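The block underneath contains the structure these notes are about, expressed in structure tokens.
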Amino acid sequence: MAARLDDGSDLAENHEINVTPFIDVMLVLLIIFMVAAPLATVDVPVDLPGSTAAGAPRPEKPLFVTVREDLSISVGEDKVERDALAGSLDAATGGDKDERIFLRADKTVPYGDLAEAMNLLRAAGYLKVALVGIEQAAAPAGG
């Protein structure tokens with residue numbers, strides 16, 4: 001119980017809540033969460049499985065950008081240089097930046113090179129990119 005000294009006479013009770021201990025506890029909890037949060041996002045090496053999701057409907061004339069095994073890039077069937085990719089896409093889409101680009105890559109292409117191809121598409125202004133893969137049969141439910 002807290003007491004207040006007014007004029008040195010009888011001690012009167014103080015009915016106000018002392019919030020200092022609550023603030024101290026909250027600061028300690030904040031520090032604990034600040035330390036623990038980065039530890040909760042540890043990267044774990046994982047071998048990702050194939051996709052069994054149902055395929056999306058394919059447009060009449062899809063525009064494929066392909067990264068081949070030798071890391072060359074093709075728009076449709078035409079091989080293009082990395083510097084000329086934006087111009088080639090603009091010619092193929094008629095300048096429509098909202099058209100979906102289907103990006104496919106050989107399975108031996110390193111992830112970094114695939115990400116670089118996606119960055120080239122983004123730099124060219126094409127933000128709607130769909131990754132193309134081979135559909136696999138769904139695994140049996142029992143195992």
Side-chain angles (χ1 to χ4, degrees), residues 1-7 11-143:
M1 231 179 336
R4 184 181 321 172
L5 298 176
D6 287 335
D7 55 3
L11 295 176
E13 288 186 11
N14 182 1
H15 297 287
E16 296 174 4
I17 297 175
N18 186 1
V19 295
T20 304
F22 297 120
I23 294 172
D24 292 342
V25 169
M26 294 304 292
L27 288 175
V28 169
L29 289 173
L30 176 66
I31 291 170
I32 289 171
F33 284 117
M34 287 173 57
V35 170
L39 298 177
T41 59
V42 176
D43 292 334
V44 177
V46 64
D47 187 15
L48 296 174
S51 174
T52 58
R58 191 170 166 179
E60 289 181 27
K61 190 175 178 187
L63 178 59
F64 287 104
V65 173
T66 307
V67 181
R68 296 185 180 162
E69 186 177 6
D70 62 353
L71 303 182
S72 63
I73 296 179
S74 299
V75 175
E77 298 297 323
D78 303 322
K79 192 173 183 178
V80 296
E81 295 295 324
R82 292 178 186 269
D83 298 338
L85 180 63
S88 180
L89 286 172
D90 288 341
T93 63
D96 183 15
K97 304 280 186 183
D98 288 330
E99 184 170 338
R100 184 167 308 277
I101 306 296
F102 291 89
L103 179 63
R104 57 186 177 179
D106 190 271
K107 65 180 178 181
T108 61
V109 172
Y111 184 73
D113 293 317
L114 181 62
E116 181 185 344
M118 292 176 70
N119 286 335
L120 290 171
L121 291 172
R122 184 175 44 114
Y126 293 92
L127 302 178
K128 293 184 177 183
V129 178
L131 299 177
V132 179
I134 297 175
E135 293 181 23
Q136 295 180 349

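Residue indices begin at 1 and follow the sequence shown. As the structure is a computational prediction, the values presented were derived from the model and not from experiment.
- For the side chain to side chain contact (heavy atoms under 4.5 Å, CB included) test, residues two or more places apart in sequence or in another chain that qualify with D106 are E69, T108, V109.
- One distance of note links CD1 of I73 with CD of E81; it measures 9.5 Å at 0.5 Å rounding.
- For N18, the side chain to side chain donor-acceptor pair (under 3.5 Å) test picks out T20, with sequence neighbours left out.
- For P62, the side chain to side chain contact (heavy atoms under 4.5 Å, CB included) partners at least two apart in sequence or on another chain are R58, P59, F64, F102.
- Sequence neighbours left out, not one pair with a member in residues 66-94 passes ring-ring contact (aromatic ring centres under 6.0 Å, His included).
- D78 pairs by the side chain to side chain contact (heavy atoms under 4.5 Å, CB included) definition with nothing, not counting sequence neighbours.
- Applying the side chain to side chain donor-acceptor pair (under 3.5 Å) criterion to R68, with sequence neighbours excluded, gives S74.
- The side chain to side chain contact (heavy atoms under 4.5 Å, CB included) check on S88 picks up V75, V80, with sequence neighbours excluded.
- Atom NZ of K79 sits in a sparse spot, with 12 or fewer heavy atoms from other residues, nucleotides or ligands closer than 6.0 Å.
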In a table with atom names and distances, give each donor-acceptor pair under 3.5 Å that connects a side chain of residues 110-118 to protein atoms at least two apart or in another chain.
none

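- Under a cut-off of 6.0 angstrom, the local environment of CD1 in I17 is sparse, with at most 12 non-hydrogen atoms contributed by other residues, nucleotides or ligands.
- Just one residue in the list V65, T66, L63 forms a side chain to side chain contact (heavy atoms under 4.5 Å, CB included) with L103, and that residue is V65.
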Result block: side-chain N/O donor-acceptor pairs under 3.5 angstrom for residues 120-130, not counting sequence neighbours:
{"residue": "R122", "atom": "NH2", "partner": "N119", "partner atom": "OD1", "Å": "2.9"}
{"residue": "Y126", "atom": "OH", "partner": "L89", "partner atom": "O", "Å": "3.3"}
{"residue": "Y126", "atom": "OH", "partner": "D90", "partner atom": "N", "Å": "3.4"}
{"residue": "Y126", "atom": "OH", "partner": "D90", "partner atom": "OD1", "Å": "2.6"}
{"residue": "Y126", "atom": "OH", "partner": "T93", "partner atom": "OG1", "Å": "2.8"}

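- Residues I32 and V28 have side chains in contact (heavy-atom distance under 4.5 Å, counting atoms from C-beta outward).
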